[in-house]
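What follows is a short report on a single structure.
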Amino acid sequence: MNKLGLVLAVAIGLGWSLNATAAERRNAPEGETPASGKAAAIVIDDFGNGMDGTEQMMNLPFPITVAVMPFLPTTEKDAEEAYYKGHEVIVHMPMEPFTGRKSWLGPGAVTCDLTDEQIRERVRAAIDNVPHAVGISNHMGSKATSSERVMENVLAVCRERGLYFLDSHTNYRSVVGKTARRMGVQSTDNQLFLDDVKDSALIRKQLQLFGKLVEEQGTGIAIGHVGTGGQKTAEAVKEAPQVMPGVRFLRMSEMLKMRGLEN
Ligand SMILES: [Zn+2]
């Protein structure tokens with residue numbers, strides 16, 4: 001049994017008390033989400049492949065949104081662990097970029113050469129592969145998110161399954177926002193990448209920038225990553241409550257609800 005298997009076995013062994021704790025953690029902020037006050041949502045991408053920083057992110061002392069890639073060795077484990085630790089789980093859907101190799105996309109990717117039905121089937125299969133998913137975000141996808149036809153099919157499955165779409169915003173020409181509005185699907189944009197450069201000082205600088213953005217706009221959404229350098233991101237993100245005092249950290253669905261209340 002590997003380490004995570006053991007952790008899960010112990011967790012299951014603890015039974016009700018742990019379940020109650022997880023349920024409480026999951027439910028606590030939701031019931032008290034007010035329409036005012038500053039709030040931030042931090043999304044961490046690229047789970048599912050046993051990447052560096054996975055455990056540190058899982059053990060953060062506040063809720064994050066965990067974006068898990070489908071059909072990978074630790075897809076199911078990561079989604080289950082995130083859920084039981086009170087984080088929100090979404091599918092991190094590999095989608096075609098303008099540049100970069102197709103092999104970087106991972107299995108089951110949405111590419112622009114697929115038919116409408118093939119796209120829908122791939123999105124459905126990915127959702128079925130990631131337990132507890134309540135939303136979808138794009139992994140890469142600069143080309144796919146600029147295609148109205150592709151996004152119509154992806155968003156149609158979101159609507160069918162009641163999932164929201166988070167646009168990672170890898171492309172300023174993305175049509176996600178306007179297509180989602182037209183189709184009546186909940187969607188929002190990432191506003192800031194925390195760790196484009198895997199350097200502790202630069203990640204902390206980005207976190208401060210994020211704090212400033214939330215201060216000015218009232219709410220904010222930022223994305224970080226597990227993977228090479230993921231532990232540096234996790235260490236920095238752990239300090240977010242100190243860097244951003246008075247800001248509440250919400251799961252993405254809570255953020256969508258709060259922003260909905262503002263409109
Ligand atoms: Zn990604």
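Start at 1 and go down the list; that is how both ligands and their atoms are numbered.
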Q.
Take a 6.0 Å sphere around CD of Glu76 and say whether it holds more than 12 heavy atoms from other residues, nucleotides or ligands.
A. no
Q) Any ion pair linking Glu216 and Lys38 (charged N to carboxylate O, less than 4.0 Å)? A) no
Q) Taking the six-membered ring for Trp, are Phe62 and Phe249 parallel (under 30°), tilted (30 to 60°) or perpendicular (over 60°)? A) tilted
Q) According to the interplanar angle, ranging from 0 to 90°, do the rings of His225 and Phe193 count as parallel (below 30°), tilted (30 to 60°) or perpendicular (above 60°)? A) parallel
Q.
Short of 2.8 Å from the Zn ion (ligand 1), name each protein N/O/S atom, waters not counted.
A. Asp46 OD1, His92 NE2, His139 ND1
Q. Do any pairs count as a salt bridge (charged side-chain N to carboxylate O under 4.0 Å, His left out) and have a residue in residues 193-208, sequence neighbours left out, and if so which ones?
A. Asp195-Lys198, Arg204-Glu239
Q: For the pair Glu152 and Arg149, find out whether any cationic side-chain nitrogen is under 4.0 Å from an anionic carboxylate oxygen.
A: no
